[in-house]
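The structure appears below as structure tokens.
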There are 2 protein chains.
Amino acid sequence: MLNSIIMNLEDLSKHLKLSQTTVSRALNDFPEVSEKTRSRVKSAAQKFGYRPSHHAARLAKGKAMAIGHVVPLAEHAMINPHFADFIAGAGDVYAQHHYDMHISVVNSDEEESLYRDLARSGKVDGVVVHAPQINDYRIPLLKELQLPFIVHGRCDDSTPDYAFLDINNKRAFSRATEYLIDLGHQRIALLNGLETMSFAVRRKLGFIAAMEKHNLCCDPALMVQQEMIEPTGYAFTKQILALPEPPTAMMIASMLSAMGAMRAIQEVGKKVGEDISIIVYDDQLSFLQNSGEIPLFTSLRSSIREAGKTVATQLIQHIQQPDNVLPQIIWDAEFVIGNSTQRLQH
Amino acid sequence: MLNSIIMNLEDLSKHLKLSQTTVSRALNDFPEVSEKTRSRVKSAAQKFGYRPSHHAARLAKGKAMAIGHVVPLAEHAMINPHFADFIAGAGDVYAQHHYDMHISVVNSDEEESLYRDLARSGKVDGVVVHAPQINDYRIPLLKELQLPFIVHGRCDDSTPDYAFLDINNKRAFSRATEYLIDLGHQRIALLNGLETMSFAVRRKLGFIAAMEKHNLCCDPALMVQQEMIEPTGYAFTKQILALPEPPTAMMIASMLSAMGAMRAIQEVGKKVGEDISIIVYDDQLSFLQNSGEIPLFTSLRSSIREAGKTVATQLIQHIQQPDNVLPQIIWDAEFVIGNSTQRLQH
DNA sequence: TTATATTTTCAAAGCGCTTTGATTTTTTGC
DNA sequence: GCAAAAAATCAAAGCGCTTTGAAAATATAA
């Protein structure tokens with residue numbers, strides 16, 4: 001390869017004694033180019049390391065061939081640990097379809113302006129909306145901007161029609177809570193995520209529904225909504241274990257919180273499973289595995305990486321064929337019994 | 001704002017009865033436009049929600065105003081949990097400088113081709129090289145392609161001149177190991193990362209140097225190189241605690257591994273700190289905090305998010321002023337004493 | 001062999017900006 | 001009040017592709 005010379009289409013077509021039209025079409029696999037010419041063109045392109053100018057191609061085509069992801073993030077705020085796995089899944093699909101992935105980190109106050117820019121400047125052909133809030137302003141905004149989008153998660157039910165991929169969080173939590181109740185547990189704690197996030201609201205609803213169905217009381221002292229990380233899981237668990245009447249089981253919204261809970265439990269000399277049952281929601285993050293023959297935790301599981309793949313696939317399909325209307329997808333979390341749940345001992 | 005009409009520069013300048021030149025210059029803050037005109041232009045742009053076409057601007061300028069990050073990733077491989085934090089830091093800087101962040105997820109076998117494309121197509125003005133390997137082929141490749149780059153981490157010392165930001169891993173680990181030795185520990189385990197990563201090699205060198213300096217033996221049974229996640233940390237710790245002569249202290253290469261180690265230690269009824277001392281390398285991931293008045297772990301700490309910021313800043317500076325030669329930066333990890341280390345009891 | 005259909009190739013016109021070099025308008029100096 | 005200098009604006013060329021509509025080359029039918 002002769003990489004020292006940077007060629008453009010004009011240079012290459014002159015070298016081949018062909019028009020730019022023909023060369024362009026040969027490279028883009030148009031049918032109206034003879035096989036002989038196509039292979040001649042392609043091997044010359046290969047030889048000279050020719051790659052079409054990205055921006056020229058995009059300008060001419062009028063399509064960005066790119067999908068945007070917006071990450072709102074204040075200076076010291078936490079970046080969601082689920083993000084990397086989602087991106088890995090989505091990015092994989094983009095690569096297969098020759099789409100680019102465009103990520104913007106932005107202060108919350110500049111977020112709206114960013115979306116407007118993304119839409120109007122033609123930087124991207126669509127966006128993925130992350131971490132939907134209750135009554136999220138981005139849904140109407142993106143509709144107004146006519147920028148195709150799909151939400152990972154769901155807003156509240158009052159929000160009108162829009163495309164999303166979500167887990168049936170309510171059903172997942174009610175089902176798992178019932179499982180604990182069936183094992184004889186009555187004092188069950190809920191270690192939830194922040195309730196500005198709609199998934200946390202739904203999980204709580206599921207939990208409460210199951211408890212009420214069995215006429216059990218949801219003790220507010222046993223419920224918390226907080227950032228889902230190890231230290232918060234630890235602190236809350238420590239606190240409820242010190243109550244006069246501690247819980248015998250816990251529903252936990254994330255693996256990280258569960259690790260903290262486990263640390264607290266072990267620290268007071270109790271055993272997960274034997275002394276206190278735990279069910280955890282497991283996003284199957286690649287660096288937080290809860291697998292094996294019998295997994296450590298009984299869990300509700302759903303791969304966030306697969307979610308990334310599906311969201312990306314849907315969005316691309318819609319962009320390429322707009323009559324392919326973007327769907328509303330609801331997945332059920334898988335319920336997997338592991339070592340952290342046991343019948344209540346009397 | 002009148003967002004239903006999508007205007008381009010021509011429309012806007014016709015509306016204003018000005019030339020495209022003047023409008024473009026007004027918007028881009030060129031000095032040769034009068035203040036009066038500039039404000040008239042800007043408010044019209046605002047009013048119509050005009051945003052310059054991204055690709056047209058890039059094509060005309062001949063600059064991508066974008067930085068690339070390549071994430072090699074096989075189907076089921078783990079995505080590095082550090083990645084998100086690094087991206088958060090870098091992305092923040094990009095946003096401030098109006099640069100775009102371009103992320104490519106790629107199968108390892110297509111990686112080289114991707115770099116070539118990134119360079120030749122003008123998609124990006126520079127790239128950040130992640131997870132440098134021993135004798136990494138990307139260094140010569142990017143030099144050949146004349147694409148500005150900076151490595152997060154370092155290759156082996158034989159690789160010739162290139163820009164990087166790295167931690168002094170060797171010094172960090174030798175220092176921390178000596179701290180343990182000073183506390184009376186002699187049987188010290190090393191729970192390291194995979195030694196295909198150059199940082200792991202350096203950490204091991206530091207560990208061995210400290211041990212040898214004090215004439216202590218590095219028992220191979222107490223050393224392991226593995227992926228730095230909770231389950232591996234757990235398994236290895238379980239294993240070494242069952243030895244006839246278990247270690248009294250451990251050097252651990254990541255917080256996630258340390259969580260696993262802690263679980264194993266607690267499970268056998270021992271206490272971190274009292275029964276076994278631990279020093280962990282803490283990348284200060286936002287979702288894995290080891291802070292507080294007295295942190296849980298004695299640790300070597302260095303913020304990966306700050307690293308992202310610095311790398312991004314340097315790269316942008318170099319791209320904007322190529323005589324601003326890209327540097328080689330070595331940071332010392334901070335040594336913070338927490339609750340996980342104690343003098344060896346006899 | 002000639003007329004017609006088919007395949008292959010081409011010249012030129014965009015895509016929507018930025019930038020160059022020229023022109024017009026305004027300001028300043030005497 | 002007029003020439004020279006400074007400030008503001010403009011027309012047009014160019015960035016490197018894709019795409020349209022026309023032309024040339026080749027294949028097929030009569």
Side-chain angles (χ1 to χ4, degrees), chain A residues 5-42 44-45 48-66 98 100 117 119-125, chain B residues 5-42 44-45 48-66 98 100 117-125 320:
Chain A
I5 320 141
I6 295 190
M7 278 201 155
N8 60 21
L9 186 61
E10 190 183 352
D11 301 333
L12 183 62
S13 51
K14 271 185 184 152
H15 172 87
L16 286 163
K17 302 221 163 68
L18 285 169
S19 71
Q20 296 190 31
T21 310
T22 303
V23 175
S24 171
R25 290 188 156 162
L27 292 172
N28 290 301
D29 290 320
F30 277 57
E32 52 270 74
V33 172
S34 69
E35 262 325 305
K36 204 181 99 203
T37 307
R38 187 191 310 289
S39 71
R40 194 162 73 91
V41 169
K42 283 200 172 175
F48 293 109
Y50 167 78
R51 309 275 174 148
S53 154
H54 181 247
H55 295 295
R58 299 306 189 241
L59 174 59
K61 278 210 244 264
K63 285 182 187 168
M65 295 291 286
H98 305 289
D100 290 324
D117 186 52
R120 290 287 182 256
S121 72
K123 260 182 199 171
V124 300
D125 299 316
Chain B
I5 320 141
I6 295 191
M7 280 202 153
N8 60 20
L9 185 60
E10 190 182 355
D11 302 333
L12 184 62
S13 51
K14 272 186 182 152
H15 172 88
L16 285 163
K17 303 219 162 68
L18 284 169
S19 71
Q20 296 191 30
T21 311
T22 304
V23 175
S24 170
R25 289 188 157 162
L27 292 172
N28 289 302
D29 290 320
F30 277 58
E32 51 271 75
V33 172
S34 71
E35 262 325 305
K36 203 181 97 202
T37 306
R38 186 190 311 287
S39 71
R40 195 163 72 91
V41 169
K42 282 199 172 175
F48 292 109
Y50 168 77
R51 309 274 174 151
S53 154
H54 181 247
H55 296 295
R58 299 304 189 246
L59 175 59
K61 278 210 245 264
K63 284 180 187 169
M65 295 292 285
H98 305 288
D100 291 324
D117 186 52
L118 247 30
R120 290 286 182 256
S121 72
K123 260 184 199 170
V124 299
D125 299 317
Q320 292 180 338

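Throughout, a chain's letter reflects where its sequence line sits, starting with A, and its residues are numbered from 1.
Summary of helix geometry: the two end axes of the helix from C:dT1-D:dA30 to C:dC30-D:dG1, each defined by five base pairs via their C1' atoms, are inclined to each other by 40° (rounded to 10°).
The distance between atom CD of B:Glu32 and atom C1' of C:dT25, rounded to the nearest whole Å, is 16 Å.
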With a 3.5 Å cut-off and sequence neighbours excluded, list the donor-acceptor pairs that the side chains of residues 29-36 of chain A form with protein atoms.
from	atom 1	to	atom 2	distance (Å)
A:Asp29	OD1	A:Lys42	NZ	2.9
A:Ser34	OG	A:Thr37	N	3.3
A:Ser34	OG	A:Thr37	OG1	2.8
A:Glu35	OE2	A:Arg38	NE	3.3

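Residues A:Tyr50 and A:Leu27 share a closest heavy-atom pair of CE2-CD1, 3.6 Å.
One finds no salt bridge joining B:Asp125 and B:Lys63 here, because no Lys/Arg side-chain nitrogen approaches an Asp/Glu carboxylate oxygen to under 4.0 Å.
The footprint of chain B on DNA chain D, defined by a heavy-atom cutoff below 4.0 Å, extends from D:dA8 to D:dG16.
The 5' end of DNA chain C is approached more closely, in terms of each residue's nearest nucleotide, by A:Leu18 than by the other of B:Phe30 and A:Leu18. In terms of position on DNA chain D, the residue among A:Thr22 and B:Lys61 whose nearest nucleotide sits closer to the 5' end is B:Lys61.
For B:Ser13 (side chain) and B:Leu9 (main-chain N/O), a donor-acceptor pair under 3.5 Å exists by modelled atom type. A donor-acceptor contact shorter than 3.5 Å links the side chain of B:Ser121 to the backbone of B:Asp117.
With rounding to the nearest 0.5 angstrom, the CG atom of B:Asn8 is 15.5 Å from the CZ atom of B:Arg51.
Within the nucleic acid shown, B:Thr21 comes within 4.0 Å of at least one base atom, counting heavy atoms only. Within 4.0 Å of B:Lys17, counting heavy atoms only, lie sugar-phosphate atoms of the nucleic acid but no base atom.
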Check your understanding: Checking side chain to side chain contact (heavy atoms under 4.5 Å, CB included) for the pair A:Val41/A:Thr22: CA distance, chi angles, key distance, verdict?
Key -> CA-CA 9 Å; A:Val41 169; A:Thr22 303; 5.5 Å; no
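Across B:Arg120, B:Arg58, B:Lys123, a single residue satisfies side chain to side chain contact (heavy atoms under 4.5 Å, CB included) together with A:His54, and that is B:Lys123.
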